[in-house]
Asker: 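Okay, handing you the structure first.
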Protein chains: 2
Amino acid sequence: MQIAEVPAGISLGETVGPQVYRLLRRRIIQAELLPGERLSESEVAKSLSVSRQPVREAFIKLSEEGLVQVLPQRGTFVTKISVAAVMDARFVREAIEADVVREVAENRASSAIDELRRQIGEQKSVPHSDRAAFLRLDELFHRTLAAAAGKSYAWNVIEGVKAQMDRVRFLSVDDMHVTRLIDQHERIVEAIASGDQSSAEQAMRLHLREILNSLPAIASGRAELFDRD
Amino acid sequence: MQIAEVPAGISLGETVGPQVYRLLRRRIIQAELLPGERLSESEVAKSLSVSRQPVREAFIKLSEEGLVQVLPQRGTFVTKISVAAVMDARFVREAIEADVVREVAENRASSAIDELRRQIGEQKSVPHSDRAAFLRLDELFHRTLAAAAGKSYAWNVIEGVKAQMDRVRFLSVDDMHVTRLIDQHERIVEAIASGDQSSAEQAMRLHLREILNSLPAIASGRAELFDRD
DNA sequence: TCTACCCTACTACCATACCAGTTAAGCGCA
DNA sequence: TGCGCTTAACTGGTATGGTAGTAGGGTAGA
């Protein structure tokens with residue numbers, strides 16, 4: 001009998017804190033835990049059959065990412081999505097990925113370019129209705145770019161920043177959008193393949209500004225999820 | 001009688017974990033805690049008259065910044081300075097600050113420019129032998145730039161990244177260097193004042209590459225502090 | 001002398017207990 | 001009925017207990 005699992009998927013063999021963190025992070029980004037909702041150390045602990053301690057560590061990490069707000073002696077709450085926070089995160093991400101893609105365009109490693117093209121093919125083959133699958137592939141694409149630039153660490157930094165953007169993206173990605181995003185991926189890779197650093201940079205900046213097009217509509221259409229700011 | 005303080009400076013009124021974190025962070029950056037040195041939850045807790053719990057939280061945060069390495073059931077150790085980690089952090093910082101300074105040069109807010117010039121004056125007036133004072137002013141200068149761009153969040157991200165660089169800077173800043181750095185600050189501000197985004201960006205990139213000049217000498221001269229990589 | 005094993009001391013991780021502070025509901029009084 | 005106080009339940013922060021696992025020193029045997 002297998003007892004290395006408890007209900008919601010906390011496994012032994014890895015420390016508990018990071019597992020709780022990832023679980024809650026995903027649930028917040030996918031809007032299963034709604035903005036404004038109250039989280040309790042003890043309730044989360046009980047529901048996952050772990051103690052409060054690792055849950056607390058997860059809360060701290062989530063609060064550093066701005067996904068929850070911890071009010072001592074009062075409670076912990078899922079933050080509302082803040083347009084300002086999304087814009088701030090986007091700015092940082094654009095700055096980093098602009099330099100990353102310049103680096104890749106300078107190196108022009110053919111193996112990396114092949115891999116990126118292969119991934120674009122995969123992106124096209126995924127049914128556009130499967131949002132989660134596309135978002136995974138999109139994330140992989142960007143991480144692969146960073147790795148190709150020899151800047152995996154830069155991707156780690158982006159991961160700590162992008163959660164705010166991901167919340168919006170989860171709400172906004174639709175069919176038409178996916179086609180457009182894949183097209184932008186292609187332009188980026190072609191600029192890289194031709195060694196044109198400036199074009200690659202501009203293509204990336206344009207790509208990462210795509211969220212700005214959908215943000216206003218989402219923020220007003222789903223106002224209950226957003227902080228008024 | 002004042003009892004809001006215990007020996008090394010943990011005060012009530014603020015939660016303990018972050019205080020322990022900042023204390024240890026500073027001591028690692030200033031090489032009071034040496035690379036390779038062993039830290040123990042219980043010993044640190046005892047020496048600060050706090051419990052192990054908040055110390056553990058500090059260790060987790062420090063490990064996320066790469067300042068310590070936590071080996072479960074074995075121990076926690078101050079990381080050696082890694083040239084690769086310094087380069088990675090520098091890359092990310094340059095990318096972010098390049099875009100920040102472009103933004104400032106675009107806005108050209110006169111109040112911000114005045115403040116930056118005032119700070120440069122202050123930097124010149126500090127005795128060059130006082131490394132810590134200059135490093136504080138340097139940090140303030142860069143933080144002010146981010147604020148002037150309306151991107152205070154971007155500075156938060158940089159703070160989480162720059163610890164690795166700060167360890168090297170603490171070892172490398174000397175008199176000649178300080179004059180040079182202040183001169184670079186002036187060039188940045190003048191480019192901003194004239195609204196020349198490209199010049200401002202290039203001046204900033206040059207400024208942030210300064211560490212590359214001192215890094216090789218430090219890494220070989222103080223090899224015992226560095227990871228062999 | 002060297003090797004293999006055991007045993008002790010120590011580690012971080014997890015769980016639990018206690019605390020001060022906040023909140024809100026309910027009761028008593030006007 | 002409506003207001004104000006009391007109080008009990010709950011919060012996160014801190015302290016402490018207990019556990020599995022590691023490392024290193026010392027001892028017994030070859």
Side-chain angles (χ1 to χ4, degrees), chain A residues 3-25 28 33 35-79, chain B residues 3-25 28 33 35-79:
Chain A
I3 55 168
E5 300 272 336
V6 290
I10 301 296
S11 74
L12 281 57
E14 190 197 351
T15 58
V16 176
Q19 295 186 71
V20 176
Y21 160 73
R22 289 198 305 272
L23 179 72
L24 293 176
R25 184 183 198 272
I28 293 172
L33 295 171
E37 191 166 337
R38 183 192 204 106
L39 292 179
S40 153
E41 283 186 3
S42 34
E43 282 188 24
V44 173
K46 195 165 60 178
S47 76
L48 298 179
S49 305
V50 298
S51 74
R52 276 180 49 210
Q53 166 90 3
V55 174
R56 173 174 165 75
E57 287 162 12
F59 279 18
I60 292 174
K61 188 106 190 277
L62 290 168
S63 76
E64 286 166 358
E65 257 179 290
L67 293 177
V68 306
Q69 184 176 18
V70 178
L71 303 178
Q73 270 65 42
R74 298 176 65 180
T76 300
F77 303 88
V78 178
T79 57
Chain B
I3 54 166
E5 298 272 337
V6 289
I10 301 297
S11 75
L12 281 57
E14 191 197 350
T15 57
V16 177
Q19 295 188 68
V20 175
Y21 159 72
R22 289 199 305 272
L23 179 73
L24 293 176
R25 185 183 197 273
I28 293 172
L33 294 172
E37 192 167 336
R38 181 191 206 109
L39 293 178
S40 152
E41 279 185 7
S42 36
E43 282 188 22
V44 172
K46 195 166 59 178
S47 75
L48 298 178
S49 305
V50 297
S51 73
R52 281 156 30 216
Q53 165 90 3
V55 174
R56 173 175 164 74
E57 288 165 11
F59 279 16
I60 291 174
K61 189 103 189 283
L62 290 168
S63 76
E64 285 166 359
E65 258 179 288
L67 292 177
V68 307
Q69 184 176 19
V70 178
L71 304 177
Q73 271 66 39
R74 298 173 67 181
T76 300
F77 303 86
V78 178
T79 57

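Since the model is a prediction, treat every value here as computed from it, not as a measurement. A note on names: the letters A, B, ... follow the listed sequences, proteins ahead of strands, and every chain is numbered from 1.
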Asker: How far apart are the C-alpha atoms of B/L39 and B/V78, what are their side-chain angles, what is the distance that settles it, and do they pass the side-chain contact (heavy atoms from CB on, under 4.5 Å) test?
Answerer: CA-CA 7 Å; B/L39 293 178; B/V78 178; 4.1 Å; yes

Asker: Would you check if B/I60 and B/V70 make a side-chain contact, meaning some heavy-atom pair closer than 4.5 Å?
Answerer: no

Asker: Quick one: label A/L39 by what it contacts on the DNA or RNA (base, sugar-phosphate, nothing), any heavy atom closer than 4.0 Å.
Answerer: sugar-phosphate

Asker: Report the C-alpha distance between B/T15 and B/Q19 in whole Å, list the side-chain angles of each, state the deciding distance to 0.1 Å, and finish with yes or no for side-chain contact (heavy atoms from CB on, under 4.5 Å).
Answerer: CA-CA 7 Å; B/T15 57; B/Q19 295 188 68; over 6 Å; no

Asker: Measure the distance from CD on B/E41 to C1' on D/dT14 and round it to the nearest whole Å.
Answerer: 14 Å

Asker: Which sits closer to the 5' end of DNA chain C, A/E14 or A/R38, going by the nucleotide each is nearest to?
Answerer: A/E14

Asker: Rounding to an integer number of Å, can you tell me how far B/L48 CG sits from D/dA15 C1'?
Answerer: 15 Å

Asker: Consider the side chain of A/S42, meaning its heavy atoms from C-beta on, and name the nucleotide among D/dT11, C/dA12, D/dA15 that approaches it most closely.
Answerer: D/dT11

Asker: Give me the residues of residues 65-79 of chain B where at least one heavy atom lies under 4.0 Å from an atom of DNA chain C, by number, or none.
Answerer: B/V70, B/L71, B/P72, B/Q73, B/R74, B/G75, B/T76

Asker: From CD of A/Q53 over to P of C/dA12, roughly how many Å is that when rounded to an integer?
Answerer: 13 Å

Asker: With rounding to the nearest 0.5 Å, note down the distance linking CG in A/L67 to OG1 in A/T76.
Answerer: 13.0 Å

Asker: Without decimals, in angstroms, what is the distance between A/K46 NZ and C/dC14 P?
Answerer: 21 Å

Asker: Show every salt bridge (charged side-chain N to carboxylate O under 4.0 Å, His left out) that has at least one partner inside residues 38-52 of chain A, sequence neighbours left out.
Answerer: A/E41-A/R52, A/E41-A/R56

Asker: Does some side-chain heavy atom of B/L24 sit less than 4.5 Å from a side-chain heavy atom of B/V68?
Answerer: no

Asker: Whole Å only: how far is the CD atom of B/E57 from the P atom of C/dA12?
Answerer: 15 Å

Asker: If the cut-off is 4.0 Å, is B/S51 near the phosphate of D/dT14, judged by side-chain N/O to OP1 or OP2?
Answerer: no

Asker: Consider the side chain of A/R52, meaning its heavy atoms from C-beta on, and name the nucleotide among C/dA17, C/dA12, C/dC14 that approaches it most closely.
Answerer: C/dA17

Asker: Is it true that atom CD of B/Q69 has more than 12 heavy atoms of other residues, nucleotides or ligands lying nearer than 6.0 Å?
Answerer: no

Asker: Rounding to an integer number of Å, can you tell me how far B/Y21 OH sits from D/dT14 C1'?
Answerer: 21 Å

